[in-house]
Visitor: 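Starting off with a structure, shown below.
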There are 4 protein chains.
Amino acid sequence: MLFTVDPSRSEAVYAQVMHEIRQRIARGLLNAGDRLPTVRDLAQTLVVNPNTVGKAYQLLESEGVISTRRGVGTFVADVSPKLSLSARRERVNELLDRLLTEAYHMGFNQDSLMDTIEKRMKSFQTSGSRRRGQ
Amino acid sequence: MLFTVDPSRSEAVYAQVMHEIRQRIARGLLNAGDRLPTVRDLAQTLVVNPNTVGKAYQLLESEGVISTRRGVGTFVADVSPKLSLSARRERVNELLDRLLTEAYHMGFNQDSLMDTIEKRMKSFQTSGSRRRGQ
Amino acid sequence: MLFTVDPSRSEAVYAQVMHEIRQRIARGLLNAGDRLPTVRDLAQTLVVNPNTVGKAYQLLESEGVISTRRGVGTFVADVSPKLSLSARRERVNELLDRLLTEAYHMGFNQDSLMDTIEKRMKSFQTSGSRRRGQ
Amino acid sequence: MLFTVDPSRSEAVYAQVMHEIRQRIARGLLNAGDRLPTVRDLAQTLVVNPNTVGKAYQLLESEGVISTRRGVGTFVADVSPKLSLSARRERVNELLDRLLTEAYHMGFNQDSLMDTIEKRMKSFQTSGSRRRGQ
DNA sequence: GTGGTCTAGACCACC
DNA sequence: GTGGTCTAGACCACG
C-alpha cells in the first residue's frame, strides 16, 4: 500500500484515502478478502492522524467496500452494491457528465476521448465479463 | 439560463453554478460570444446570494471559460485551454479513473458502461471534429 | 429538541443521538424541512463534544435522513429510501426477529405482544396511508 | 446446533452467538433441559476463539437463559424472566420503537409491516398461550 | 455563524 | 494489537 496523500489538495485527506483504496480494488490490485494495513500503520505511512485513516475506513465500510473485524483487522469486502439500481445509475451518469464536460473544455474531441477511455479501461476490472451486469 | 441549484447537495452552490455553465457550453447550449445573465439576475433566478454567483463567474473567468467586459456584461469565451497539454491530459485522466472506479463499484461491466458512455456522448459537443485534437 | 443521552449505556453516544432523531421523524414530531438544532447547540444541551453530534448528523445525512446546507444549518430530508428493496426488507426482518425473540424471553405471548404493537404503532407515522408502499 | 457466525458483521461475535441461542429457544428449536454443545465444540464448529463462546455462555447464564452444571454440561434453563414486569415491558417497548422507527425509514406502511410481522410470528413460540401473559 | 476537517491524546471493547 | 469512541481545541470553506 504505497501511496501518498496531499494535504494541500482541496479534497479532504480522508477522501483521498477512500478514493485510492476504491481505485485499487477497481483495478484488481486489491481483491476480496485481502487485508488492508492497520489504521495505525497506514496513518504512520501517510503521516496523518490515525483518526483520519479510521474515518476513511469507516466510511468505506458503510459503503460496503471493505469490512472490519473487531480486534483482527480490515479486509476488502465482496462486491455487492447496496444501493438501488437507479441510485447507482445516477451516480455513474453524474461522473460521466462531468468527464464529458471537462473533456470538451480540455480540448478533447470524440475520437481522442474514446481512445483514452478504451486504453484506460484496460487497467480496470470493469473490463472482461467477470462481473455481473449493471 | 433556466436551471436550478440544490442547496442540500454536498457540492457547494457556487461549484454547482460553475458546473452547470461549463456543461451548457460543452453541450453547445451556450456558444462563444453568448451573453450570460448578470450576476444579480442569475442570483435572483436561482434564489441564492449574489456573492455566490459572483464567485462562480470569477472562477470561471480565471479558468478562461467566460470573460467579463466591465460595464458591458459577461460572455462565453472562445475555448482555448490555458493549461499545458500534459496538464489537460492529467485532468481528464483523473476524472476518467474516478468514473471507471465508481462504475466498477456500482456493478457496471465493460459493455454496459460503454453503452452508457456512447449514449450520453451524443448530447455533448465532444463529438465531431470541430475542435482540434487533444 | 429536549432529550438526554446516557454516556454510561453501552450504545455509543452518537448512535443514541441518531436513534432519537430517527425516532422523532418516524413519530412525526419532526417533518421534512424542519430545522434541527445546530451542532454546537445540541452538543451544549446534551453536554457532549460538538464532534460527537457532528458525527451523528453526518451519518444521518449519509443515510439520507437529514440534509445539511453549508453555512446554513441542518434540516430533515424528504424521505426516500436509498437502499435496495431487499436490503430494506432484510433490515426490518432482522429487527423483527430480535423483537420476537426478546418478547418470548420476556414472557409475552402472541396476544399481549400484538396488543402492545398495535398500541405503540398509533404514535408512529407508519400508520395510516400517507406513505407509499414498502 | 448448526449455525454460523459472520465476523464481518458489525455485531460482536459473542453477541451473535447469544442472539442465535436466544432465538433458537424462542423458536422452539431448543427447549428447557436441552443440552448445549460444549464451549470447545461450539468454538470449533464456528471457527472462533473458545473464549468468545465462553463469554456468550457466561452472559446467557447471568440472564437466566441457560444454566451450567459444573462437570456435567450446559443446558437450556426453564424460562422465568428475572426482571420485573416493568423492566420487561420497557425492554420490549424499546425494541418495538426501534422496529417501528426503522420500518418507517425503510418505507413500510402499516399494512405491509403488519403482514410482515404476522408471517414472521408464525415461526416463533410467542404464539399460542403456553406461556403466562406479559 | 454554519458544518467539515484534522490533530493529539485518552480510554475501551474485542479477539 | 485491532478498530471504535470521545474530548479538546484549532482552522477552514461556505453563504
Visitor: CD of A:Glu11 versus P of F:dA13: gap in Å, rounded?
Guide: 15 Å
Visitor: Would you call A:Glu94 and B:Arg9 a salt bridge, using N to O less than 4.0 angstrom?
Guide: yes
Visitor: Name the closest nucleotide to the A:Thr52 side chain, picking from E:dG4, E:dT7, F:dT7.
Guide: E:dT7
Visitor: Looking for any heavy atom pair under 4.0 Å, which part of the strands does A:Thr74 touch: base, sugar-phosphate only, or nothing?
Guide: sugar-phosphate
Visitor: Report the distance from atom CG of B:Asn49 to atom P of F:dC14, rounded to the nearest whole Å.
Guide: 14 Å
Visitor: Do the side chain of B:Gln23 and the main chain of A:Arg98 share a donor and acceptor less than 3.5 angstrom apart?
Guide: no
Visitor: Among E:dC15, E:dT2, E:dT5, which nucleotide sits nearest the side chain of D:Tyr14?
Guide: E:dC15
Visitor: Do D:Lys82 and D:Glu63 meet the salt-bridge criterion of a basic N to acidic O distance under 4.0 Å?
Guide: no
Visitor: Provide, to the nearest angstrom, the distance between the CG atom belonging to C:Leu42 and the P atom belonging to E:dG1.
Guide: 19 Å
Visitor: Report the distance from atom CE of D:Met18 to atom C1' of E:dA13, rounded to the nearest whole Å.
Guide: 15 Å
Visitor: Output the single nucleotide from F:dT5, F:dG3, E:dC14 whose closest atom is nearest the side chain of D:Lys55.
Guide: E:dC14
Visitor: Regarding F:dG4, can its base be found pairing with the side chain of A:Asn51 as donor and acceptor, where the two atoms are less than 3.5 Å apart?
Guide: no
Visitor: Rounding to a whole Å, what distance do you find between A:Arg35:CZ and F:dG1:P?
Guide: 13 Å
Visitor: Between E:dT7, F:dG3, F:dG15, spot the one nearest the side chain of C:Arg70, thanks.
Guide: F:dG15
Visitor: Can you find a donor-acceptor pair, distance only, under 3.5 Å between C:Arg40 side chain and E:dG1 base?
Guide: no
Visitor: Could you tell me how far apart A:Tyr57 (OH) and F:dT2 (P) are, to the nearest whole angstrom?
Guide: 11 Å
Visitor: For D:Val48, report the nucleic acid contact type (base, sugar-phosphate, nothing); a contact means any heavy atom under 4.0 Å.
Guide: nothing
Visitor: Between A:Arg69 and D:Asp6 (salt bridge meaning N to carboxylate O under 4.0 Å), is one present in this structure?
Guide: no
Visitor: Please work out if A:Gly73 contacts a base, only the sugar-phosphate, or nothing of the nucleic acid, heavy-atom cut-off 4.0 Å.
Guide: sugar-phosphate
Visitor: Report the base-pairing partner of F:dG4 (Watson-Crick or G-U wobble, both distances below 3.5 angstrom), or none.
Guide: E:dC11
Visitor: By the 4.0 Å heavy-atom rule, please label A:Arg69 as base, sugar-phosphate, or nothing.
Guide: nothing
Visitor: For D:Leu46 and E:dC15, give me the distance from atom CG to atom P, rounded to whole Å.
Guide: 12 Å
Visitor: Just how far, in rounded Å, is C1' of E:dG4 from CD of A:Gln58?
Guide: 16 Å
Visitor: Check whether D:Arg88 reaches the backbone of C:Met106 with its side chain - one donor and one acceptor, N or O, closer than 3.5 Å.
Guide: yes
